[in-house]
Amino acid sequence: MSGAELFWELVEPMYADPAVQRSTMMGLPCVRLDGRFFASLDRRSGALLVKLPAERVGQLIATGDGEPFAPAGRTFREWVALPRPDRRRWRRLLAEARDHAAGGGPTARPAPDDAGGFGGFGAGGLAFLTALERDNTKRCFDTHHDVYRRELLEPAKAFVTDLGERLRRRVSGGLRAEPRVGGSLFRIANHLRFAPDKPPYKPHLDLAFWDGPNGPRVDPALILRIAPAEIHLGCGVMPRSGAALDAYRKALHDNAPDLDRHVTAVLADGAELSEPTRRRVPAGFDPDTPAARFAVRDGFHVVRRLAHPAAITTPAFAGWCADRLAPFAPVHRWLAGAR
């Protein structure tokens with residue numbers, strides 16, 4: 001697909017908002033929000049052009065995602081060219097540019113302390129994840145450490161508090177949400193001492209909200225991952241052993257059809273079920289019953305993957321996540337009761 005074809009395909013749904021209108025800019029087709037330019041198409045090169053804060057433009061150029069927009073030799077500091085058609089990246093940056101035009105971009109996002117709560121993740125932090133995915137080195141992490149703390153880690157703490165309150169109302173009143181690393185937030189650095197083959201860092205942000213006294217690595221949990229281009233949302237429990245595995249299998253014997261029905265419902269909505277942990281169905285389970293589907297899994301996760309929404313840089317992102325985690329509530333409650 002050419003750049004022009006992809007541009008018009010991604011822009012067309014934006015016209016559902018009456019404030020978004022087609023126009024021209026320097027002879028190029030463009031789109032405006034309430035009269036403010038936010039995106040255009042370079043007909044000659046087929047590149048997407050988006051208007052963002054100068055700092056964000058510099059980040060995109062530094063990571064190799066974008067190029068300076070300099071028609072006739074004059075560089076526009078608040079415009080960046082994306083020369084290679086990439087559906088996910090172009091969709092995300094179009095949404096980011098639209099939000100910036102609406103006053104919801106990174107420069108207008110209040111800090112959590114000023115807003116009294118979650119104000120959105122910074123676009124610079126999301127760009128950092130992309131850079132870390134490409135250059136997973138200590139040098140890259142140290143260079144962007146301040147961006148990571150300011151635009152990902154600190155907002156994540158407020159996000160855990162906000163989303164945790166919503167999930168307690170909609171999923172389980174006993175759900176634990178602890179806004180700290182080692183609680184609901186996972187370390188971004190890998191433990192290379194125990195897994196030397198892994199890269200030094202995870203190019204994503206992992207969060208969990210769990211039911212029980214042991215933490216998300218043991219107790220059933222709702223999970224959320226912010227990856228460079230996607231949001232992963234779901235629930236599950238890590239593989240069990242000993243008494244916990246016995247309790248899980250007893251629950252399968254007693255009430256596997258309910259679990260099967262709940263999991264089938266979220267799979268029909270686009271979620272994926274993790275792979276089995278066993279090659280064969282354990283003794284005592286009929287291979288032709290719903291229980292066998294889960295007996296070959298000493299633990300499992302069901303996860304749905306979605307593209308970054310425009311709301312990710314705004315306070316509305318917590319509500320967006322709650323709406324998409326709520327359908328996993330029946331699976332989570334079943335797992336929480338199987339112990």
Side-chain angles (χ1 to χ4, degrees), residues 38-39 48-69 75-82 86 88-115 117-160 162 181 185 188-189 200-207 224-231 307-318 320-321:
F38 69 86
L48 170 67
L49 309 173
V50 291
K51 185 177 183 181
L52 296 165
E55 179 184 0
R56 175 67 168 130
V57 169
Q59 291 167 346
L60 289 168
I61 294 172
T63 60
D65 289 314
E67 297 177 355
F69 177 52
T75 300
F76 286 69
R77 294 179 60 251
E78 294 188 337
W79 285 85
V80 64
L82 291 302
D86 182 313
R88 288 181 179 176
R89 183 172 291 121
W90 281 26
R91 180 186 287 115
R92 176 164 56 84
L93 287 168
L94 277 166
E96 190 177 322
R98 180 190 58 200
D99 289 350
H100 177 56
T107 56
R109 179 176 58 85
D113 290 344
D114 294 336
F118 175 63
F121 287 101
L126 303 176
F128 158 72
L129 292 178
T130 300
L132 193 62
E133 186 175 50
R134 294 176 178 176
D135 181 12
N136 200 298
T137 63
K138 187 175 187 301
R139 180 193 60 79
C140 178
F141 182 80
D142 288 347
T143 299
H144 300 92
H145 184 261
D146 288 345
V147 173
Y148 162 67
R149 290 195 63 85
R150 183 178 66 251
E151 303 205 22
L152 283 180
L153 182 58
E154 293 307 319
K157 295 175 183 177
F159 176 70
V160 165
D162 189 333
V181 175
L185 299 172
I188 195 169
Y201 302 95
K202 306 179 188 79
H204 50 255
L205 195 66
D206 280 339
L207 307 96
L224 189 152
R225 170 174 291 181
I226 300 174
E230 294 181 326
I231 309 297
H308 283 189
I312 194 170
T313 57
T314 75
F317 183 57
W320 184 93
C321 290

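Here, residue 1 is the first one in the sequence, and each next residue gets the next number. None of these values were measured; they are calculated from a predicted model. Worth knowing before you read on, the calculation uses all heavy atoms, side chains too, and leaves out hydrogens, waters and symmetry mates.
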Open item on the list: Whether Asp65 and Arg134 form a salt bridge (side-chain N of Lys/Arg under 4.0 Å from carboxylate O of Asp/Glu) is what I want to check.
Closed with: yes

- [ ] Could you tell me whether Arg150 and Asp146 make a salt bridge, using a distance below 4.0 angstrom between a side-chain N and a carboxylate O?
- [x]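 Between Asp146 and Arg150 there is no salt bridge, as every charged N stays at least 4.0 Å from the carboxylate O atoms.
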
Counterpart residues, salt bridge (charged side-chain N to carboxylate O under 4.0 Å, His left out), relative to [X] (two or more places apart):
X      : answer
Arg77  : none
Arg225 : Asp206
Lys157 : Glu154

When rounded to the nearest 0.5 angstrom, what is the spacing between [atom1] in [X] and [atom2] in [Y]?
X      : Y      : atom1 : atom2 : value
Leu224 : His204 : CG    : NE2   : 11.5 Å
Leu49  : Leu93  : CG    : CG    : 12.0 Å
Lys202 : Leu129 : NZ    : CG    : 12.5 Å
His145 : Phe128 : NE2   : CZ    : 8.5 Å
Cys321 : Leu207 : SG    : CG    : 9.0 Å
Phe38  : Leu52  : CZ    : CG    : 11.0 Å

- [ ] Could you go through the side chain to side chain contact (heavy atoms under 4.5 Å, CB included) check for Thr137 and Asp142 one step at a time?
- [x] CA-CA 9 Å; Thr137 63; Asp142 288 347; over 6 Å; no

Do you know the tightest heavy-atom contact between [X] and [Y]?
X      : Y      : result
Asp99  : Ala310 : OD2-O, 2.7 Å
Pro203 : Asn136 : CD-ND2, 4.1 Å
Val147 : Gly125 : CG1-N, 3.9 Å

With the side chain counted from C-beta on, respond yes when [X] and [Y] share a heavy-atom pair under 4.5 Å apart, and no when they do not.
X      : Y      : result
Phe118 : Pro155 : yes
Ile226 : Ile312 : yes
Leu126 : Pro228 : no
Pro53  : Glu78  : no
Leu94  : Leu48  : yes
Trp90  : Leu82  : yes
Ile231 : His308 : yes

Open item on the list: So if I apply the salt bridge (Lys or Arg N to Asp or Glu O under 4.0 Å) rule between Glu96 and each of Arg91, Arg56, Arg89, which one comes out positive?
Closed with: Arg56

- [ ] Could you please spell out the steps behind the side chain to side chain contact (heavy atoms under 4.5 Å, CB included) verdict for Ile188 and Leu205?
- [x] CA-CA 7 Å; Ile188 195 169; Leu205 195 66; 5.6 Å; no

TODO: Mind telling me whether Phe76 and Phe69 have parallel, tilted or perpendicular rings, with 30° and 60° as the class edges?
DONE: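 Ring orientation, 0 to 90° scale: tilted.
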
Open item on the list: Parallel, tilted or perpendicular, judged at 30° and 60°: which one describes the rings of Phe317 and Trp320?
Closed with: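 Rings of Phe317 and Trp320: parallel, as their planes differ by under 30°.
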
- [ ] Begin with the C-alpha distance, continue with both residues' side-chain angles, and end with the deciding distance and a verdict on side chain to side chain contact (heavy atoms under 4.5 Å, CB included) for Glu151 and Thr313.
- [x] CA-CA 10 Å; Glu151 303 205 22; Thr313 57; over 6 Å; no

TODO: Kindly determine whether Val80 and Val50 satisfy side chain to side chain contact (heavy atoms under 4.5 Å, CB included), including the steps that lead there.
DONE: CA-CA 6 Å; Val80 64; Val50 291; 3.5 Å; yes

- [ ] Mark yes or no for whether Asp135, through its side chain, and Cys140, through its backbone, hold a donor-acceptor pair below 3.5 Å.
- [x] no

